[in-house]
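Okay, so here's the structure we're looking at.
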Amino acid sequence: MLVHFFSAEGWQSWGLDGEPLIPERMPVLFDDDFLFEDEGGPRATRTVNAWLRTLPSSGAPSPNSWRAYALAARDWLTHLRRHRVAVFGTRQELVAALGTYADRRLSGPLDERLEFSSWELHVTALSRFYDWAEGEGLAAAVPFTVATGKRMVQAVWWRPGTTGPGCGGRSRT
């Protein structure tokens with residue numbers, strides 16, 4: 001999955017009636033095949049992109065926040081695909097996926113690990129996405145909250161024999 005940061009430069013040559021209503025540097029997610037829909041209908045990237053465009057008017061005016069939220073959504077969608085879970089799957093499926101995502105991001109391969117503050121940002125972004133999706137009628141309910149994500153950090157943090165954020169790579173046994 002790719003992330004592109006929008007620029008309206010040259011929009012006059014795109015055959016549009018007016019300048020696009022997309023802010024400069026707004027992230028746009030693309031699947032590797034550059035399609036936003038297929039025989040199954042709109043893809044998750046299309047839905048995430050619609051949500052990302054609401055960020056400036058919903059309390060996240062900074063392009064840095066947009067970037068962080070887009071990268072969190074990209075990583076989450078990638079994780080869901082790896083486990084064959086739909087972005088609007090059942091609450092049980094999504095909470096279970098959040099558990100495996102937490103395990104991977106907090107105690108998995110070093111190049112994928114997140115510090116606690118970054119994990120909290122990821123969960124905040126995902127919770128805000130699902131809250132938006134519920135309001136749009138795309139999700140039946142918000143499957144998890146930031147508090148759920150924080151509890152998962154505590155579970156990973158205290159698991160005997162593992163390392164986690166902030167422990168300097170030492171075992172906590």
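Along the sequence shown, residues carry numbers from 1. Excluded from the calculations below are hydrogen atoms, water molecules and symmetry mates; all remaining heavy atoms, backbone and side chain alike, are included.
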>> With rounding to the nearest 0.5 angstrom, report the OG to CG distance, S127 to L98.
In response: 10.0 Å
>> Please check if the number of heavy atoms outside R74 that lie under 6.0 Å from its CZ is greater than 12.
In response: yes
> Closest heavy-atom contact between A8 and E24?
Replying inline: N-OE2, 2.7 Å
> Would you call the rings of W119 and H122 parallel, tilted or perpendicular if under 30° counts as parallel and over 60° as perpendicular?
Replying inline: parallel
> Rounded to the nearest 0.5 Å, how far apart are CG of L21 and CZ of R53?
Replying inline: 10.0 Å
>> If you compare all heavy atoms of P143 against all heavy atoms of R91, which two are closest, and at what distance to 0.1 Å?
In response: O-NE, 3.4 Å
>> If we ignore hydrogens and angles and just use 3.5 Å, is the side chain of E112 paired with the main-chain N or O of P109 as donor and acceptor?
In response: no
> Under 3.5 Å, side chain of D31 to main-chain N/O of M1, donor-acceptor pair present?
Replying inline: no
> What is the distance from atom OG of S7 to atom CD1 of I22, rounded to the nearest 0.5 Å?
Replying inline: 11.0 Å
>> Measuring only between side-chain heavy atoms, which start at C-beta, is V48 closer than 4.5 Å to Y69?
In response: no
>> Would you compute the distance between atom CD of E134 and atom CZ of F88 and round it to the nearest 0.5 angstrom?
In response: 11.0 Å
> Nearest 0.5 Å, what's the OG1-CG distance between T124 and D131?
Replying inline: 12.0 Å
> Once the angle between the rings of H79 and Y101 is folded into 0 to 90°, is it parallel (under 30°), tilted (30 to 60°) or perpendicular (over 60°)?
Replying inline: tilted
> Do any pairs count as a side-chain hydrogen bond (donor to acceptor under 3.5 Å, both in side chains) and have a residue in residues 8-17, sequence neighbours left out, and if so which ones?
Replying inline: none
>> To the closest 0.5 Å, what do you measure between CZ (F6) and CH2 (W66)?
In response: 11.0 Å
> Side-chain contact, heavy-atom cut-off 4.5 Å: L94 with V85?
Replying inline: yes
> Which heavy atom in V87 sits nearest to a heavy atom in A44, and how many Å separate them?
Replying inline: CG1-CB, 3.8 Å
> Is there side-chain contact between W51 and E136, with heavy atoms separated by less than 4.5 Å?
Replying inline: no
